[in-house]
Amino acid sequence: MSTTDKAPTGASPESAAADATSATDPAIDSAAADAAADAAEAVAGAQLSTAPLDDGPSGPAVGIGVIGWARWFWRQLTSMRVALILLFLLSLGAIPGSLIPQSNVDEMKVADWKRTHASWVTVADNLQLFDVYSSVWFSAIYLLLFISLVGCILPRSWQFVGQLRGRPPAAPKRLDRLPAHTTWRTGKTPDEVLSYATAVLRGRRFRTEAGKGHVAAEKGYLREAGNLIFHVALIVMLVAFAWGQYFKSEGGKLVLRGTGFSNTLTQYDDFKAGTLFHPDDLPPFSFTLDRFDATYEMSGPQKGTPRDFKAYVTFSEGADGKPEKREIQVNKPLQVDGSKVYLLGHGYAPILSVTDPTGKVIYKDAVPMLPQDSNLTSTGAVKVTDGYKDKDGKAEQLGFNAVFVPSYAGEGMGTMFSQFPALLQPRLMLNAWHGSLGVDSGLPQNVYVLKTDKMQSFKDESGEPFKQKLKVGDTMTLPNGAGTVKFEGIERWATFSVTHQPGSGLALAGAIAAIAGLAGSLFIQRRRIWVRAVAGPDGVTVVEMAGLGRSESTRLPQELAALAAALHQQAPTAPAALAEPRVEETPEGERG
Amino acid sequence: MTPLAAAANENLAQISNYLIYSSMAVYTLAFFAHIAEWTFGSRSKVARTAAALTGSAQERAAAAPAVQVRGKGGSTAVLDQPKVVTRSAAGTRDVPDGPGAGGGTVQGDLYGRIAISLTALAFLIEAGGVLARAMSVQRAPWGNMYEFSITFSTVAVGTYLALLALKKNVRWLGLILVTSVLLDLGIAVKILYTDSDQLVPALHSYWLWIHVSTAIFCGAVFYIGAAGAVLYLFRDAYEGRIANGRTAGKFYASVMERLPSAASLDKFSYRINAAVFPLWTFTIIAGAIWAGDAWGRYWNWDPKEVWSFVTWVAYACYLHARATAGWKGRKAAYLALFAFACWIWNYYGVNMFLNGLHSYSGV
Ligand code: HEM
């Protein structure tokens, strides 16, 4: 079967009718016959889709009042035109959030931006540009869109159910005006031809309906079904997201190697949850971090790029579950009862011991430092809150500002910036302070930052603030016999986030349905075929076949050709007809 | 990795680079062959559009497409088969497709064929380059922007060749495609080049294969759709001009006359875009699932996610526009181009100018 034509665009019902008027030759058709045929054709093409007809905005009828306006408004909102505009607004509205930092993603960046764009801050704040995706205007766009979607999808679904039970409409009067048409004369009787045609069409899973002297057939209802499923799936996904938003929880925890975590609210370093979350929703489990491995690129231009992170934990589920060994990797969270434990970050915690003037060890701890760059240059604070008395026996607190680098460049080779993320040449720089840490004020304090407003710095001989760079094993002696600080060793830590996101299963189901529906909607065509067989004046049967689809495809004429060929085998061209110039019956002939 | 294996891999990476450079050389030859095709084609006197839009009814009839349908026998001797007659869609001008870049001239056509053969050869070489790159790093070759770019153009050319093999009318795309592939490869080797290397841990996942491969594929196909939309806009303007009785410059007319009709280009662009839209939807969902595994959140409005979403909504907008009276035609084409611009920005711009969790451009 070969077709080499320029394919026609499938015509929508209303446009097929328009086409018919523009392309006929008045010499043959009278205007009246034309109009009648157009009307018949519009009926034939009607309801090939449940899409609303867009007649453009028209005001409500005069004098109908509030209800009339409400109706008008609803009609506008659920029209294709407004759906289109809302969709476009949604895409434009999402853009600012990618250009301006968002506070739900990174508060620090928002603060930076505000500093560098001082004159824009009021405008940006008023427009909620730091929270685009929860802003009033963005919410308004998508809520309107989804109201429109519901308002559009419900009536379409009913209409579609009606169509499923309906029958293909009768053949239009002039089949040769449809997008694809063919005709021939055969020796079989019209009844024979029509029963063959019905069999051929049924064999290709067309729904058929016998009419007067013709058979009407339709196929591709799945297209509409797919489209409806897609739009309903979008609603399902939105509901799932909203559900997740209200019930989700997300907590972060820094765990030192050798220590543990158990899943209760009080254990978290930070915790965020949706408004309907309840602490009892946290599944009970606990784990201990046994080991943490990180490997890095050792050479080349990407030196220092992480290659692999792995946390080895001993994990137990429930209040008294059996401990098991597990691994957590970046892409492989641990799954527990609807929650997931992710490995987020890692870093170092220098172990320090502090003695008082009498030589008594009053503090020994691993102090996690916060990484500042990709080579893990880290900063933190050591806070000795209890047990310290100075030389005169006065109780005081000690504090140290710390900078830690895992790979020091070397003496005279620049400042305290790490050259590599692994522990090649670890150094710790300490700045010593004494006085009051201000931790008793009741306000929560950042553990990584020393508040020095009620502290004095230790001074060296020349009166400069006292500081020292230490290797592992080094001891720093504080001025005036105030005590010592020993850099005992280095411990690792890893941060984990425990998230609970209900509704994600539903969202996934929605997503799968959406893709399936879309595929149905875009790849399947709804189309109608009519076969008419009538006895001509000479007693020879004239067979006419035509097809109409509403989606744009080359396949309609090809399909019609295949059907015609199949029918032609059973109702072959009558020998007598061969001599006749068939061209008369085609539009080409008309136009010529 | 042992030093020996590392050396072997470095060799492979070297080979990959040579193959990419060689493919650029062959694409350049293909480019010149296409130029020759267009040049020789300009000698043709075919002006079907003008004839169809302004000529007599006689000429119009000749232009009307007709299909000869044959039965299983398929031989021309079987004259007694039904003949399917098709009619143009509503609202479109009844204009035949142009004869193609070669303008129906023998020489033009010959150069066109040479250009396609060279393109196919360059495609094979380039695909070899991508493969060697993948072997050198022993993973999917999609770890940084250099690797995306070489894969991207390979897929775009592959799609074009596949359409040709399926006997689709896409020869008009040749020159544009080869030109932009050269541009893409030039940017890749000059600006984006990154030594072959392993991946950061966040990219260690089989979702890389799924999500990134479909993303690149969608982009390459959307690109072809966008090229169709641009040509549609030009050709539509030209047809409008002729239909209004105005004339066009000789060179402009000669180029336009040889393109497919506006209706065909429009339909081509629509079909391409509609066909990949479900895959693009899948790509975004696969990305969300991966993000859920890697970062613990399915959707975090990271810049890359924002722009994928914007692109998706823009294409949905385009599909709606096609189904909405009063938005078909030029307005819909502008939407398609807007959507593609979003895709390109997401691909180059977001990686280089906006940093989020997706910053792995290697630049
Ligand atoms: C989140 C919002 C929406 C998205 C992403 C979306 C997406 C789509 C897509 C991809 C198609 C397929 C186009 C085609 O078959 O060629 C489609 C078709 C359709 N949409 Fe939507 N849509 C949305 C909202 C709406 C709304 C609010 C309405 C109603 C006013 C609507 C009505 C329709 C109709 C009637 C069709 C079928 C057109 C046809 O039969 O060709 N959609 N939509």
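We name chains A, B, ... by the order of the sequence lines, and we start the count at 1 in each one.
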Which heavy-atom pair separates [X] from [Y] by the least distance, and what is that distance?
X      : Y      : value
B:P303 : A:S98  : CA-CB, 4.1 Å
B:C317 : A:L87  : SG-CB, 3.9 Å
A:H231 : B:H320 : NE2-NE2, 3.8 Å
A:S91  : B:A314 : CB-N, 4.3 Å
A:I515 : B:F282 : CD1-CA, 3.5 Å
B:V306 : A:A94  : CG1-O, 3.1 Å

Worksheet item: Any idea which of A:Q329, A:K340, A:E250 has the most non-hydrogen atom pairs under 4.5 angstrom with chain B?
Response: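 Going by pairs under 4.5 Å, I would pick A:E250.
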Just verifying a value: how many Å separate [X] [atom1] and [Y] [atom2], rounded to the nearest 0.5 Å?
X      : Y      : atom1 : atom2 : result
A:L508 : B:I285 : CG    : CD1   : 8.0 Å
A:F241 : B:W299 : CZ    : CH2   : 8.0 Å
A:S504 : B:Y298 : OG    : OH    : 4.0 Å
A:I95  : B:C342 : CD1   : SG    : 5.5 Å
B:W301 : A:S134 : CH2   : OG    : 10.5 Å
A:L84  : B:L319 : CG    : CG    : 10.5 Å

For [X], which atoms come within 4.5 Å of any heavy atom of chain B: side chain, backbone, both, or neither?
X      : result
A:I512 : neither
A:F88  : both
A:Q102 : neither
A:S497 : neither

Side chain, backbone, both or neither: which part of [X] has a heavy atom under 4.5 Å from chain A?
X      : value
B:A275 : both
B:F309 : side chain
B:I284 : neither
B:I289 : side chain

Practice prompt. Would you mind reporting whether B:W280 and A:L518 have side-chain heavy atoms less than 4.5 Å apart?
Written response: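 No. Closest side-chain heavy atoms not under 4.5 Å.
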Worksheet item: Distance-only, no hydrogens or angles: does the A:Y133 side chain make a donor-acceptor pair with backbone N or O of B:N300 under 3.5 Å?
Response: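 The answer is no, because no donor-acceptor pair under 3.5 Å joins these two groups.
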